[in-house]
Amino acid sequence: MCYHTRLTAKADAIEKSSGASFDEPDTYKPTAEYNGFATPATPVIRFDDRKKILMYEWGLIADWVKTASDAKKARINCLNARIEELDEKASYKRKTGNRCLVAMDGMYEWQWESPGDKKSKKTRYLVTRPDNAVFLCAGLFNEWHNRETGIITYCYTIVTTQGNELMKEIHNNGERMLVVLSPEEYDAWLDPKNEHLAFADRSHIELKAVQM
DNA sequence: CCAGACGTTGTT
DNA sequence: GTCTGG
DNA sequence: CCAGACGTTGTT
DNA sequence: GTCTGG
């Protein structure tokens, strides 16, 4: 789960709901589905540049990765980061202060007919806010330096936690969810002084799911 | 001590 | 680069 | 994700 | 029953 998102809102709607402005508006196009495995560039906001919306690539590349081909493999496993283990994982533990917000207006999830049976049927759901508005998720970013080319890749991972009531029901074969933030939590997440574990409980987040 | 991992739990 | 499992 | 472990490093 | 190593 947590590897397929949507951002169909126009640029001005994203700006309005996030309180930041696109640095280069032409680089953003509304997108019905972002596939994490394709490491697309999507809008994010960094803690140290709160008023700017930047296009960063989904799939964090850790500092210790040496080559572009290693990066390609490694980052696919860094599309999500478990909030419970941020302090323990080599790829994240020194980046827990690199907070960012990841914009989206939907997440795709697959519900299994019989959880546990890999062959059972799956139904796709689009999970959104009840009003379908843009929301921001908790993320961590990195600037990866390619030693061979000197090129910097700006990239991020999205933090996950235990699924809340609705998400456990939809994502019944894993029961996790992205750390969707309420608007009141946006700035709190961006402040690295705030314990990240304080954002693990998502039971207060209201979402709805429609089959599609 | 040193080799090997370093991540997630997913593919429409 | 740093951690850790064997 | 699921199979397999689930404990200690002490004793003449 | 729950944790964890592969």
Side-chain angles (χ1 to χ4, degrees), chain A residues 1-8 31-40 42 56-100 102 104 106-128 137-148 150 152-164 166-180 196-197 199-200 202 207 209-212:
Chain A
M1 76 158 279
C2 316
Y3 300 143
H4 300 264
T5 63
R6 180 179 88 145
L7 185 54
T8 51
T31 305
E33 181 171 353
Y34 283 128
N35 174 6
F37 295 103
T39 64
T42 82
Y56 274 32
E57 293 177 16
W58 192 359
L60 186 142
I61 308 171
D63 291 334
W64 48 265
V65 174
K66 291 198 178 64
T67 66
S69 80
D70 284 349
K72 197 173 178 182
K73 282 177 256 166
R75 70 189 309 189
I76 292 303
N77 290 315
C78 296
L79 297 172
N80 292 161
R82 297 175 66 90
I83 198 166
E84 303 89 338
E85 295 167 14
L86 291 185
D87 290 326
E88 293 149 31
K89 300 296 183 179
S91 297
Y92 305 137
K93 61 192 304 178
R94 282 172 194 77
K95 300 293 166 188
T96 58
N98 276 8
R99 308 269 178 96
C100 67
V102 183
M104 61 190 76
M107 311 171 277
Y108 294 101
E109 286 303 339
W110 283 260
Q111 185 177 51
W112 296 59
E113 197 166 275
S114 42
D117 176 7
K118 288 205 162 194
K119 294 194 180 75
S120 90
K121 261 194 197 144
K122 283 173 290 183
T123 308
R124 188 168 93 147
Y125 285 87
L126 174 65
V127 180
T128 64
C137 290
L140 297 177
F141 68 88
N142 197 21
E143 298 181 1
W144 181 69
H145 294 250
N146 183 321
R147 295 156 170 73
E148 295 162 331
I152 296 175
T153 299
Y154 297 90
C155 50
Y156 70 88
T157 183
I158 311 179
V159 177
T160 66
T161 189
Q162 184 178 47
N164 65 14
L166 174 74
M167 294 304 282
K168 273 187 189 161
E169 197 182 317
I170 305 285
H171 186 215
N172 58 354
N173 193 32
E175 303 175 357
R176 299 201 53 88
M177 69 179 285
L178 299 181
V179 174
V180 176
H196 55 257
L197 274 179
F199 299 86
R202 296 293 95 195
L207 299 166
V210 296
Q211 205 174 318
M212 61 179 286

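Because only heavy atoms are used, hydrogens play no part in the values below, and waters and symmetry mates are left out as well, while side chains stay in. Since we're looking at a predicted model, the values are computed, not measured.
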Inter-nucleotide C1' distance (B:dT11, E:dT2), Å rounded: 30 Å
Contact under 4.0 Å: A:R82 side-chain N or O vs B:dT9 OP1/OP2: yes
Whole-Å gap separating P (B:dT11) and CZ (A:F37): 8 Å
Taking every non-hydrogen atom, the tightest pair across A:T157 and A:A81: OG1-N, 3.5 Å
Distance between P atoms of D:dC1 and B:dT8 (Å, rounded): 13 Å
Touch class at under 4.0 angstrom, heavy-atom based, for A:R75 against every strand present: nothing
A:R94 side-chain N/O to C:dC3 phosphate OP1/OP2 under 4.0 Å: yes
E:dT2: pairing nucleotide in any strand, Watson-Crick or G-U under 3.5 angstrom: D:dA5
Between B:dT12 (P) and A:Y125 (OH): distance, integer Å: 17 Å
Option among A:R6, A:E33, A:E109 that satisfies the side-chain contact (heavy atoms from CB on, under 4.5 Å) test with A:L126: A:R6
Integer-rounded Å distance: B:dC6 P and A:W144 CH2: 18 Å
A:L140 side chain near A:H196 side chain, heavy-atom distance below 4.5 Å: no
Length of the NE2-P vector between A:H4 and B:dT8, whole Å: 17 Å
A:E169 CD: over 12 foreign heavy atoms closer than 6.0 Å: no
Distance in angstrom units between A:Q111 CD and B:dT9 P, rounded: 18 Å
Separation of E:dT4 C1' from A:E85 CD (nearest whole Å): 11 Å
Sugar-phosphate, base or nothing in reach of A:A81, heavy atoms under 4.0 Å: sugar-phosphate
Name of the residue among A:W110, A:Y108, A:W58 meeting ring pair (Phe, Tyr, Trp, His ring centres under 6.0 Å) with A:H4: A:W110
Atom C1', compared across D:dA3 and B:dT9: separation rounded to whole Å: 16 Å
Interatomic distance, A:K122 NZ vs B:dT11 C1' [rounded to whole Å]: 7 Å
Atom pair distance, as rounded to whole Å: CG in A:N80 and P in D:dC1: 12 Å
Pi stacking test for A:W64 and C:dT2: under 5.5 Å apart, planes under 30°: no
C1'-based separation of C:dG1 from D:dG10 [nearest Å]: 38 Å
